[in-house]
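Contents: one structure, followed by commentary.
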Amino acid sequence: MRAGLEPGAVSCYSWALMSKPRLRFAPSPTGYLHIGGVRTALFNWLWARKTGGTFILRVEDTDQERSTDASRAVIFESLNWLGLDWDEGPGKGGEHGPYTQMERLSLYQAKAEELVRAKKAFRCYCTKAELDLQREALKAKDPKAQFKYPGTCRERTDEPNLPYVVRFKTFRGGSVRYVDKVFGEIVTPNIEQQDFVLLREGGVPLYNFGAVVDDMMMEVSLVARGRDHMVNTPPQIMLYEAFGVKVPEFAHLPMMLAPSGEKLSKRHGAVSVSEYAETGYTPDAVLNYLARFGWSHGDQEVFSKEELIHAFSWESCGRGDGKFDAKKFLAINHEHLKTPGLTTDGDYASRTVPFLKKRAIGVQSEARITEKAVTSALYMIRERATTFGQAADMLDPFFREPPVMDEKAAAKFLIKEAAPRIAGFREAVARAAEWTEGALEASVNAWLAESGLEMKVVGQSVRVALTGRTASPSLYQVLFVLGRDVSLARLSRAASMADRLSI
RNA sequence: GGCCCCAUCGUCUAGCGGUUAGGACACCGGCUUCUCACGUCGGGAACACGGGUUCAAUUCCCGUUGGGGUCACCA
């Protein structure tokens, strides 16, 4: 009942309906985990989680020139940080392992041999140099001509003792048709294909072959990947048909481009997941932004991870490429940090502590940086901080004694005229009925009223006195969080500093 | 260049024949205000173009233009 070789005969539905979907993310360990790659992983993961299917992680490391163990580790680390957990794969096992391609070499070789024996593939003894020569020759004759492997060894029957690659006998007539879950029907004439290489000279598979053998053996039922792979789909489908197995479903995702419209790369700013982790983004916000890129759910912009799982569908994926927008990304992160329902106090604090500790290295107050202390100060900065890194910056004056004094701020606000005001403010808060925001404010207001001063004129000096900066949370919150002793001490010190400074 | 894909505000997008074309980010104003934010109110801002189909096209079809992808013993 399998699909035949005629065009239009490839049906994918039965597989998908009969069992839980199996999806995979198959990165190459050749660098950091790219934000675009994460989106691919995310969409696969969302569908697996929504449908109760299986999410497989497979490492495609057949490019031995560029693959590194360090990169492999970074990719795992990034996926873990994002919370995109896999059901089968490295470190997790599964019935279809190993999940690293270089550990599956004998499998590819056996499968290639199977095709050769069935005359669906052949050994090609043409060398790379020969082919390059032919390519150049053709180009010299006709610059517009398309070079395709001429089929030199396609029907060759001898088996000389020479190095060879294994090539696929591409179907000659007809076309490949499939129904993409986001792009719809795609038809490609087979004439476009050439006899592509399955196995290199050393027996290491090339992408299209490795991916198909693995997807086939791992029983992947839906292949979702970037649109840049769309051109690989027809040859891959030929391979499935050559093996006589069911063709999986395909879903291609529109591309994420740089604001300039070029392919997104490091020269356009942060593109690796680790950079966002280091800046203090929260993983769910990263997923939120990436999900909303090329996918939508009515007017909703902010999603928790659970909401994404619930709402996701291929039908709501767009088809147009998009441009990465760092500002919107930041705004989404801010939204997640502001909302306790999205980022709990505990989560917020535990993610902020490392940032605070990092900036407190060598400072004696480091021991005071605890999740508990940070948690109790959180309410001051929830609305303000856009990243955990920024939160740590805002919290810094509360975990350092004395606070770092901004020199410009001091020069401008800790001036002679300010000294008596700071002192007056100090006395006012010192005689507050109790050390609460309300009582402090009441006491300060009373002092303001009797002294004829306005908060406008004393505020900034007091702020610099308490925090060393010109921007901070509300003064009463600052006083409260700092506590009576520290507050009074900082105010005294600043008052005398102001008095001295301008002599 | 061949083949393939795409096309709504600057950006991400809603729209699935009849809407004052909606939201979000960004931008610009007002309000709030002890700073910075947050919040809130308001504003400017889009259906690439040309043909069809239809009583009616942003929406369906074709073409043009524009953008993107890909053309390896990379993935």
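Chain letters run A, B, ... following the sequence lines, proteins first and then strands; every chain starts at 1.
The gap from the P atom of B:rU58 to that of B:rA48 amounts to 10 Å, rounded to the nearest Å. Rounded to the nearest Å, the gap between the P atom of B:rU11 and that of B:rG67 is 14 Å. Nucleotides B:rG23 and B:rC3 are separated by 38 Å at their C1' atoms, to the nearest Å. Spacing between B:rG1 and B:rC61 at atom C1', rounded to whole Å, works out to 28 Å. B:rC47 and B:rU59: their C1' atoms are spaced 10 Å apart (whole Å). Here, B:rA57 and B:rG15 have their C1' atoms 13 Å apart, quoted to the whole Å. Look at the P atom in both B:rC60 and B:rG66: the space between them is 23 Å, to the nearest Å. Comparing B:rA7 with B:rU40, their C1' atoms are spaced 36 Å from each other, to the whole Å.
Nucleotide B:rG1 has B:rC71 as its partner under the Watson-Crick or G-U criteria, with both atom distances under 3.5 Å. When both pairing distances are held under 3.5 Å, B:rA48 makes a Watson-Crick or G-U pair with B:rU64. Base pairing analysis places B:rC25 opposite B:rG10; the two distances defining the Watson-Crick or G-U wobble pair are each below 3.5 Å. Using N1 to N3 plus N6-O4 or O6-N4 for Watson-Crick, or N1-O2 and O6-N3 for G-U wobble, each under 3.5 Å, B:rU19 pairs with nothing. Summarising the base pairing, B:rG39 is matched to B:rC31 through a Watson-Crick or G-U wobble pair whose two defining distances lie under 3.5 Å.
In this structure, A:Phe209 has its ring center at least 6.0 angstrom away from the ring center of A:Phe196. Two rings, from A:Tyr348 and A:Phe388, have their centers less than 6.0 Å apart. For A:Phe76 and A:Trp86, the gap between ring centers is short of 6.0 Å. Side-chain rings of A:Phe324 and A:Tyr289 approach one another, their centers coming within less than 6.0 Å. Checked against the 6.0 Å centroid criterion, the rings of A:Phe183 and A:Trp314 do not qualify as a close aromatic pair.
Checked by atom type and distance alone, the side chain of A:Glu201 never pairs as donor or acceptor with a backbone atom of A:Val165 at under 3.5 Å.
A:Glu130 places its CD atom 13 Å from the C1' atom of B:rC73, with the value rounded to the nearest Å. B:rA75 atom C1' lies 13 Å from atom CG of A:Asp214, rounded to whole Å. Rounding to whole angstrom units, CZ of residue A:Arg292 and P of B:rC25 are separated by 11 Å. For the pair A:Asn333 CG and B:rA24 C1', the interatomic distance rounds to 16 Å; values are reported in whole Å. Distance CG (A:Leu199) to P (B:rA75): 12 Å, rounded to an integer number of Å. Between A:Asn288 atom CG and B:rC25 atom C1' the separation is 12 Å, expressed in whole Å. In this structure, A:Ile332 places its CD1 atom 9 Å from C1' of B:rC12, rounding to the nearest Å. Regarding A:Gln101, its CD atom lies at a distance of 8 Å from the P atom of B:rA75, rounded to whole Å.
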**OP:** If a protein heavy atom is under 4.0 Å from the base, mark B; if only from the sugar-phosphate, S; if neither, -; do that for nucleotides 26-41 of chain B going 5' to 3'.
**Re:** S-------BBBBSS--
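When each of A:Gln146 and A:Val204 is assigned the nucleotide of RNA chain B bearing its nearest heavy atom, the one mapping closer to the 5' terminus is A:Gln146. Between A:His297 and A:Val187, the residue anchored nearer the 5' end of RNA chain B, judged by the nucleotide with its closest heavy atom, is A:Val187.
Between A:Lys139 and A:Glu136 there is no salt bridge, since none of the side-chain N atoms of the basic residue sits less than 4.0 Å from a carboxylate O of the acidic one. Using a 4.0 Å cut-off between a side-chain N of Lys or Arg and a carboxylate O of Asp or Glu, A:Asp61 and A:Arg66 do not qualify as a salt bridge. The existence of a salt bridge linking A:Glu60 and A:Arg58 is confirmed by a sub-4.0 Å separation between a basic side-chain nitrogen and an acidic carboxylate oxygen.
Here CG of A:Asp132 is found 11.5 Å from SG of A:Cys126. Values are rounded to the nearest 0.5 Å.
With contacts defined as side-chain heavy-atom distances shorter than 4.5 Å, the pair A:Val273/A:Tyr32 does not qualify. Put simply, the side chain of A:Asp214 does not reach to within 4.5 Å of the side chain of A:Tyr99, judged on heavy atoms.
A:Glu60 comes within 4.0 angstrom of the backbone, heavy atoms only, and of no base. Looking at heavy-atom distances under 4.0 Å, A:Arg225 makes no contact with the nucleic acid at all. Within 4.0 Å of A:Cys126, counting heavy atoms only, lies at least one base atom of the nucleic acid. In this structure, A:Gly294 reaches the sugar-phosphate backbone alone: every heavy-atom distance under 4.0 Å involves primed, P, OP1 or OP2 atoms, never a base. Within 4.0 Å (heavy atoms only), A:Lys323 reaches sugar-phosphate atoms of the nucleic acid but no base atom. Using a 4.0 Å heavy-atom cutoff across all strands shown, A:Ile186 reaches sugar-phosphate atoms only and no base atom. Nucleic acid contact class of A:Val165 (heavy atoms, under 4.0 Å, all strands): base.
Scanning for side-chain contact (heavy atoms from CB on, under 4.5 Å) contacts around A:Ala430 gives A:Arg484, A:Leu488, with sequence neighbours left out. A search for salt bridge (Lys or Arg N to Asp or Glu O under 4.0 Å) contacts involving A:Arg382 returns A:Asp345, not counting sequence neighbours.
With B:rC73, B:rG2, B:rA72 as the candidates, the nucleotide lying closest to the side chain of A:Glu192 is B:rG2. Distance from the side chain of A:Thr62 is smallest to B:rA75 among B:rU13, B:rA75, B:rC73. Listed nucleotides: B:rC74, B:rC73, B:rC5. Nearest to the side chain of A:Phe183: B:rC5.
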Please list each protein N or O that sits under 3.5 Å from an N or O in nucleotides 66-70 of chain B, with the distance.
residue: B:rG68; atom: O2'; partner: A:Arg227; partner atom: NH2; Å: 2.7
residue: B:rG68; atom: O2'; partner: A:Asp321; partner atom: OD2; Å: 3.0
residue: B:rG68; atom: N2; partner: A:Arg227; partner atom: NH1; Å: 3.0
residue: B:rU70; atom: OP1; partner: A:Lys263; partner atom: NZ; Å: 3.2

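Across residues 27-34 of chain A, A:Ser28 each have a non-hydrogen atom less than 4.0 Å from an atom of RNA chain B (numbered order).
Listed by first and then second residue, the side-chain hydrogen bond (donor to acceptor under 3.5 Å, both in side chains) pairs that reach into residues 419-428 of chain A are A:Arg426-A:Ser492, sequence neighbours excluded.
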